[in-house]
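So that the names make sense, note that chain A is the first sequence line, chain B the second, and so on, each numbered from 1.
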Amino acid sequence: MKSLVALGALILLAGCGGEHRAPGGIQGDPARGKVALAQYGCRACHMIPGVTGSKVWVGRPLENMTRRRIIAGTLPNDQPNLVRWIRDPQAIDPRTAMPVLGVSERDAIDMSAYLLSH
Amino acid sequence: MPTTRIRLILTTAIATLLGAGAFGTLGAFVVVRAGWYDIGATTQHFQPVYSLLEQAMHYSVRRRATTVLVPALGSHDQVLHGAAVYRDNCAQCHGGPGTAPGNHGLSMQPVPGPLVDASRHWKPRELYWITRHGIKMSGMPAWEYHLSEDEMWATVAFVMQLPVLSAADYRALTAPGAEAKR
């Protein structure tokens, strides 16, 4: 139990200061991605920091994305995988309720840049 | 005499209120007339404004739907019928499990949103009221003049089932001809 608490504290500390900064090597334009996240209706199912909308838990909330190790249950959380998931989630998980939304590569890169820096 | 003093206080208070009111109105007129408000759908409401409008919508629907009489809902035939009506009239903006809305539904502001969680927020009579009367300034049409009573209730029955449908279930129920095969 004690070690769990210590681990939790470490994780929290590790997040301090860095939570709104994208890790190095992130491509794309986060500001453009923020608008794209609204324009593809992402906010309809996901709560996204900084994007206006309802309280909704249809998809998982997308805050603190840099702290996630795994996305979509199986993929290591890096930008190329996030872009793959955003563009064609059903190719990765055929049973997912997340639809294919026709996101262009550029828009997906910008969206992932926003998510990985907030 | 205290009356003079009270009169002075009252006059000052009223003049201040009228002055502030006039100033506010003038300010609002300038903001509107100059076109400073960005009406584009690429800019968003501030979150408190959005939340206030959404709450007001909820309270309004809740109150207005109290007199709606709910018929028997949920028979297999009715749900299948509702699935066809939903596919033809609702899915374009609301989508379904594993199925995206059309492009116009994705980029509407406010976003129409999924209905898989609708039964968590609304009672059947409230879903019916929204379907029948629509929602002002949101793009949600009033279906009263475009769908029959049976079609509207069938749609409500189908929406109540959405939370338990997988993407594959949804596709099967809304497949062309699914209703005819019943």
| request: Please check if A:V100 and A:V83 belong to a single hydrophobic cluster, counting links between Ile, Leu, Val, Met, Phe, Trp and Tyr side chain heavy atoms closer than 4.5 Å. | output: no
| hydrophobic_cluster_shared for A:I109 and A:L37, side chain cutoff 4.5 Å | no
| said: Quick check: closest heavy atoms across B:A100 and A:L101, and the distance to 0.1 Å? | reply: CB-CD2, 3.7 Å
| said: When you group the ILVMFWY residues by side-chain heavy-atom contacts below 4.5 Å and let the links chain together, are B:L52 and A:V56 in the same group? | reply: no
Only distances under 3.5 Å count here; give the side-chain donor-acceptor pairs of residues 11-23 of chain B to other protein atoms, sequence neighbours excluded, each with its distance to 0.1 Å.
residue	atom	partner	partner atom	Å
B:T11	OG1	B:R7	O	2.5
B:T12	OG1	B:L8	O	2.6
B:T16	OG1	B:T12	O	2.5

May I have a table of the donor-acceptor pairs connecting chain B and chain A at distances under 3.5 Å?
residue	atom	partner	partner atom	Å
B:A41	O	A:Q39	NE2	3.1
B:Q44	OE1	A:T52	N	3.4
B:H45	O	A:T52	OG1	2.7
B:Q47	OE1	A:G53	N	3.1
B:Q47	NE2	A:G53	O	2.8
B:Y50	OH	A:S54	OG	2.8
B:E54	OE2	A:S54	OG	2.6
B:G98	N	A:A97	O	2.8
B:G98	O	A:Q90	NE2	3.0
B:L106	O	A:G41	N	3.4

| Listed partners of B:V111 passing side chain to side chain contact (heavy atoms under 4.5 Å, CB included), at least two apart | A:A44
| said: What part of B:A167 gets within 4.5 angstrom of chain A, counting heavy atoms only: side chain, backbone, both, or neither? | reply: side chain
| salt bridge (charged side-chain N to carboxylate O under 4.0 Å, His left out): which pairs involve residues 136-149 of chain B, sequence neighbours left out? | B:R132-B:E144, B:R132-B:E149
| What residue, out of A:G41, A:P94, A:G53, has the most heavy-atom pairs lying under 4.5 Å from chain B? | A:G53
| said: Under 4.5 Å from any heavy atom of chain B, what part of A:V58 do you find: side chain, backbone, both or neither? | reply: side chain
| query | Do A:V51 and A:M65 belong to the same hydrophobic cluster, where Ile, Leu, Val, Met, Phe, Trp and Tyr are linked whenever their side-chain heavy atoms lie under 4.5 Å apart, directly or via other members? | reply | yes
| task | Would you kindly confirm whether B:L53 and B:I130 end up in one hydrophobic cluster when ILVMFWY residues are joined by side chain heavy atoms under 4.5 Å apart? | result | no
